[in-house]
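Proteins get letters first, then strands, A, B, ... in listed order; numbering begins at 1 in each. Computed over heavy atoms, backbone and side chain alike; hydrogens, waters and symmetry mates excluded. Predicted, not measured: the structure shown is a model, and the values here were computed from it.
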Amino acid sequence: MSVFEGVNWLQLLVTAIAMGCIYSLIATEYTLIYNATGLVNFAHESFIVLGAYIFAGTFERALQFPHWLAILLTLVSMAAFGVLVASTILNPLRNLQFVTYAMFGTMMLSRIIIEICRLSWGSLPFTVKGFLRESISIGSTVLSESYIYIIIISVIVITLLQLFFKFTKAGKAMICVSQNKDAAALMGINVTASINLTVAISSVICGIVGILCAPLYNVSSNMVTSAATKGFCAGVIGGFGSYPGAIIGGILIGLIEQFGIIFIPSVWKDALSFGLMIIFLLIRPGGIIKRKKA
Amino acid sequence: MAAMLELKNITKQFGGLTAVNDLSMTVMEHEIHALIGPNGAGKTTATNMIEGVFHPTSGQIFFKGHEITNLKTHEIARLGIGRTFQNIKLYDTMTALENVMVGGHQLTKLDLFPSIVNPKGLMDEEKMLKEKAEMLLDYVGLHNIKDEYVKNLPYGNRKVLEVARALMTDPELLLLDEPAAGLNPSERAEFVDLLMRIHSEGKTLFFIEHNMDVVMNVSHRITVVNFGAKIAEGTPQEIQTNPEVIKAYLGERYKVK
Amino acid sequence: MKKKTLFVLLLSAAIVVAYVLLFISANSYVQSVMNMLLYNIVLVLGLNFITGLTGQMNMATAGMMALGAYSFAIADTTYGVNPWLALLMVMALGLAIGRALGYPSLRLQGFFLSLTTIGFNEVVRITVNNLTDITGGATGFKDVKRLPFFFEFPNKNSYFYLNLIFTLIMIAIAVLVVNSKWGRAYKSIRDNWEAAEASGIDVAKLKIQAFTMAAIYSVVAGCMYAGYSQYLNPTAFATSYSQNYVAMLMVGGIGSVPGNILGAALVTVLPEVLRAFQNYYWVMFCTICLLMAIFVPDGLWSVLQKAVRFVKKKLGKGKEVA
């Protein structure tokens with residue numbers, strides 16, 4: 001019984017769900033690229049870091065814009081960046097002979113972006129003053145403002161994405177492209193443009209994750225290393241290539257690691273999600289939600 | 001003559017779809033046997049089951065009297081069934097010679113660790129493989145391009161190279177999936193000539209083909225399938241006069257003149 | 001084949017001579033870089049079997065190396081096992097790791113496999129970091145006992161030569177495997193595994209075998225590292241190092257031993273040579289790697305080979321050479 005003493009369940013639950021939402025967003029963001037191009041974007045961590053730096057380093061620290069303008073401009077820049085990367089790098093990579101080459105390519109892309117961040121904004125970690133740093137008290141429970149925002153914004157982003165797929169022409173075209181590029185091209189869909197749009201949306205989500213993570217961690221080049229890898233775990237556990245799977249997997253990992261540290265020392269928190277992913281890959285490689293074959 | 005390959009009541013279902021339905025047939029030793037039928041009749045599914053790519057839902061397959069129904073592809077290949085593919089499957093990063101030499105991997109004895117401690121033995125095997133592969137390339141008429149990378153070779157050469165690689169495994173039965181597809185008439189004539197030479201060395205040939213000139217001129221026996229089931233079997237003459245085959249597949253052109 | 005062997009022999013001889021020359025005027029810094037090059041060569045040669053030839057992405061090289069280094073250190077330093085026996089035990093461990101990691105490669109392809117190996121690498125690093133009583137945790141494992149070779153090696157300068165011998169042996173084995181039926185069989189799996197199966201190649205067995213080779217090479221490199229530096233720290237085995245080894249493999253040339261050595265040398269030595277550009281070096285280097293991944297995916301060695309082929313063809317036109 002003693003392990004449960006002093007555990008504030010509400011606080012733990014909110015933290016778990018908020019972290020779960022971050023993992024879900026990360027899983028969603030690379031699932032988008034995976035479905036559109038067939039590539040797993042190993043550079044996604046650097047996209048998030050870039051988003052955080054553009055927001056915190058340029059628009060907040062250097063230009064001191066109001067938060068809403070900084071966020072807006074960050075997301076616009078990330079979309080432009082996404083189109084640039086898709087057309088110059090991801091498109092040639094997806095046509096290479098072996099998938100190992102493409103993986104290597106995205107790894108190198110990741111390092112380049114991280115290095116550019118370090119060179120442009122310096123290597124010292126910094127914080128964004130006065131951005132989601134308050135906390136709310138409910139009785140004995142102290143909830144950080146940023147966790148609440150993370151949950152609300154994640155729900156909005158994921159809902160908007162689903163609506164986009166369901167009700168817009170471009171969204172439907174993206175689903176066609178992810179299922180069969182040749183058929184999509186024959187139906188008159190511009191596959192390259194559709195991929196560019198997908199990567200742009202993915203980059204915007206990365207930007208949102210970067211902004212949301214800015215108050216949680218100091219802004220630095222390895223701020224989301226562990227979160228980004230756990231995002232991979234979330235996708236695998238939920239079901240690779242499936243959007244509901246990405247969300248379920250993310251929340252599941254958030255819950256397991258937060259409640260797991262009641263029972264095991266917190267230093268093993270990260271090993272827990274990796275172990276879980278390996279077990280899933282071996283026993284049920286399709287994940288919780290198996291993707292329907294097109 | 002003994003039976004080389006025997007299919008007994010083979011059925012294959014993919015979910016609710018029956019691709020091959022209760023198919024029985026026998027390929028005799030030293031025979032050229034063709035399997036024909038409309039697209040989607042289950043021909044390639046049948047070959048894939050013979051090669052162990054997937055296993056039948058029910059029924060048995062025998063090769064020279066041994067049951068091979070549930071063996072793995074490489075085990076079946078080692079028993080003496082060589083194969084070529086409908087859409088050529090070569091090793092693009094290797095030269096023509098190396099491609100053929102891969103076919104001989106299973107003929108060698110040394111395992112990995114023994115070959116590290118016994119480099120001499122490994123070199124001897126290498127020499128044996130190389131000589132045999134060069135001989136085969138000579139036999140199929142590709143010796144002049146042995147050092148070319150296969151991705152640079154023209155279609156006709158690639159097709160012949162696949163046959164050489166299959167021969168490298170020392171097969172008794174050669175399975176050819178649409179050997180004449182995509183070849184121009186003169187290439188096709190050369191290819192048929194090659195198949196006849198291979199047959200004259202004592203090999204059994206079993207092939208799927210759509211080109212009726214090749215099928216009727218080359219084969220001893222023909223099996224016709226439609227919707228996964230056998231509808232006729234016999235000599236080319238018998239098949240050409242079979243009304244059901246004409247209706248299902250051949251059409252008016254092959255009606256008796 | 002003969003020419004190739006001769007060439008590799010010459011190359012190895014050149015490396016040996018270069019080393020001896022370097023050591024006449026050695027300072028400890030140059031020496032530590034050269035030692036790093038030695039174990040990097042061994043790691044890349046190992047990675048070549050599974051990622052270069054067989055085409056299965058392995059991002060657990062650093063983790064496998066860590067297991068080798070730490071088990072060697074624990075066996076021979078903590079428990080006082082004879083160092084050479086400890087080395088054998090570590091190689092047996094490599095065999096086990098290779099089999100354990102090779103098994104997923106039968107069911108998983110491409111990205112899924114690479115995720116498993118990343119997961120493995122992280123689990124190893126976290127474990128080593130947190131089993132403080134056994135591994136020393138973040139403060140590191142100090143005073144690893146070295147392998148003796150008829151005598152105890154008194155310092156790094158002399159121990160270096162033992163590592164050099166290890167490297168040459170590993171190069172020789174790699175040359176033998178890569179340029180024989182094994183190399184071709186591994187490549188056939190990468191190029192077209194269905195055709196490989198139809199040629200009678202047991203793809204499952206060979207995949208596990210290639211993983212095992214990679215694991216054994218990595219644990220041996222781990223032992224070389226442990227013996228030379230005598231100090232182990234978990235930060236040296238992060239997943240980003242596994243990525244570095246993949247970079248060495250890709251830059252130099254996948255599938256060929258000289259290419260592997262070239263890649264290991266370039267990626268190890270260049271940052272030290274280009275100290276002047278330090279701040280911009282890494283971004284320059286990664287950009288070159290990315291451009292190479294897109295335009296020269298087979299690596300620098302393939303460019304050299306193509307050039308040689310081209311020249312030969314030009315020269316051969318005059319004479320009648322087959």
Residue [X] excluded, over 12 heavy atoms near [atom1] under 6.0 Å:
{"X": "Trp193(C)", "atom1": "CH2", "result": "no"}
{"X": "Met25(B)", "atom1": "CE", "result": "yes"}
{"X": "Phe62(B)", "atom1": "CZ", "result": "yes"}
{"X": "Arg99(C)", "atom1": "CZ", "result": "no"}
{"X": "Lys132(B)", "atom1": "NZ", "result": "yes"}

Considering all heavy atoms, the nearest Leu176(C)-Ile116(B) contact: CD2-O, 3.7 Å
Nearest atoms (heavy-atom pairs only) where Asn192(C) meets Lys89(B): ND2-CB, 3.0 Å
Atom pair [atom1] ([X]) and [atom2] ([Y]), whose distance is rounded to the nearest 0.5 Å:
{"X": "Glu98(B)", "Y": "Lys181(C)", "atom1": "CD", "atom2": "NZ", "result": "15.5 Å"}
{"X": "Ser188(C)", "Y": "Met94(B)", "atom1": "OG", "atom2": "CE", "result": "5.0 Å"}
{"X": "Met101(B)", "Y": "Ser199(C)", "atom1": "CE", "atom2": "OG", "result": "13.5 Å"}
{"X": "Arg83(B)", "Y": "Glu194(C)", "atom1": "CZ", "atom2": "CD", "result": "8.0 Å"}

When Asn99(B), Leu107(B), Thr84(B), Leu110(B) are compared by non-hydrogen pairs under 4.5 Å with chain C, the top option: Leu110(B)
Residue selection (most heavy-atom pairs with chain C, distance under 4.5 Å) from Asp92(B), Ile81(B), Leu129(B), Thr93(B): Thr93(B)
Electrostatic pair Lys151(B):Asp191(C) at N-O distance under 4.0 angstrom: no
Salt-bridge present (Arg184(C), Glu126(B); N to O < 4.0 Å): yes
Ala172(C) versus chain B, the contacting section by heavy-atom distance below 4.5 Å: neither
Check: Tyr91(B) and Ile189(C) side chains under 4.5 Å, non-hydrogen atoms: no
Among His105(B), Gln106(B), His74(B), the one residue meeting side-chain contact (heavy atoms from CB on, under 4.5 Å) with Asp202(C): His74(B)
At a 4.5 Å cut-off on heavy atoms, which part of [X] comes close to chain C: side chain, backbone, both, or neither?
{"X": "Asp170(B)", "answer": "neither"}
{"X": "Thr108(B)", "answer": "both"}
{"X": "Leu122(B)", "answer": "side chain"}
{"X": "Glu162(B)", "answer": "neither"}
{"X": "Leu112(B)", "answer": "both"}

Heavy-atom pair count under 4.5 Å with chain B, highest-scoring of Met213(C), Gln209(C), Arg190(C): Gln209(C)
Audit row: Val203(C), Lys72(B), side chain to side chain contact (heavy atoms under 4.5 Å, CB included) steps and yes/no: CA-CA 11 Å; Val203(C) 171; Lys72(B) 289 181 184 137; over 6 Å; no
